Amino acid sequence: MTATEISDRLTKLSEGLLFPSESEYPLEPFTWKSATLNRKTILTQSGKPAKTPIKEISLEELFAPVVTDQDWFEDADREIAQRFRDLQTAIATLENVQVFRLGKVKIDVYIIGAIGNDLVGLKTTVVET
């Protein structure tokens, strides 16, 4: 698959999903052409200052709260959890998948993987006070 095809797939899978935290934000697909996956690229592409705190977590750690069915789930909740599982599976097909959290309190989250020389992923925001 090409970067465009993967990005289109992520767009379709994430459409209408909101990532929950103390607030809910959409998942926004992106493609960075001919980019190297490292902290400097993340800061540059996100427009954040060099001193912005960055924490790296695993894809599984990020998705655990949204892919795990709970006893109290209703059908709509199970459907949303399944959509997040499908999205996680699609992201996992990328090479060298990494998740970066930028900032504190209102945190920009970048879920990024490589396909050839390009980086493809999703951006969302979580709020943690």
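Small disclaimer: the values here were computed from a predicted structure and weren't measured.
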For residues 47-54, tabulate all N or O donor-acceptor pairs below 3.5 Å that involve a side-chain atom, not counting sequence neighbours.
unit_1, atom_1, unit_2, atom_2, d
Lys48, NZ, Asp108, OD2, 2.9
Thr52, OG1, Pro49, O, 2.8

Are Leu87 and Leu119 connected in a single hydrophobic cluster, I mean Ile/Leu/Val/Met/Phe/Trp/Tyr linked by side-chain heavy atoms less than 4.5 Å apart? no
Inter- and intrachain pairs under side-chain hydrogen bond (donor to acceptor under 3.5 Å, both in side chains), touching residues 72-101, at least two apart: Gln82-Arg85, Gln82-Asp86, Asn96-Gln98, Arg101-Glu128
Check against side-chain contact (heavy atoms from CB on, under 4.5 Å), Phe100 and Leu43: CA-CA 10 Å; Phe100 295 92; Leu43 290 171; over 6 Å; no
Report all side-chain donor-acceptor pairs from residues 24-31 shorter than 3.5 Å, counting only partners two or more places apart or in another chain.
none

side-chain contact (heavy atoms from CB on, under 4.5 Å) involving Thr2 - partner list, sequence neighbours excluded: Thr4, Glu5
Taking every non-hydrogen atom, the tightest pair across Thr41 and Ala35: CG2-CB, 4.1 Å
Using the side-chain contact (heavy atoms from CB on, under 4.5 Å) rule, take Ile42 and Ile112 through it: C-alpha gap first, then chi angles, then the decisive distance, then the call. CA-CA 9 Å; Ile42 304 301; Ile112 306 170; 3.0 Å; yes
Donor-acceptor contacts, no H, no angles, side chain residues 56-71, under 3.5 Å, sequence neighbours left out:
unit_1, atom_1, unit_2, atom_2, d
Ser58, OG, Glu61, N, 2.9
Thr68, OG1, Ala64, O, 2.7

Is there a path from Leu37 to Ile91 through hydrophobic residues (I, L, V, M, F, W, Y) whose side chains come within less than 4.5 Å of each other? no
Given the options Leu122, Leu102, Val99, Val109 meets side-chain contact (heavy atoms from CB on, under 4.5 Å) only with Val99
Spacing of Leu10 atom CG and Ile111 atom CD1 [to the nearest 0.5 Å]: 9.0 Å
Using the ring pair (Phe, Tyr, Trp, His ring centres under 6.0 Å) criterion, which residues pair with Phe19? Sequence neighbours excluded. Phe84
Is the count of non-hydrogen atoms from other residues, nucleotides or ligands lying under 6.0 Å from Asp8 atom CG greater than 12? yes
How close do Val97 and Ala92 get, counting heavy atoms only, and between which atoms? CG2-CA, 4.3 Å
Distance col, row Ser14:OG vs Lys123:NZ, nearest 0.5 angstrom, shows 13.0 Å
Out of curiosity, Tyr110 OH to Thr125 OG1, how far, rounded to the nearest 0.5 Å? 8.0 Å
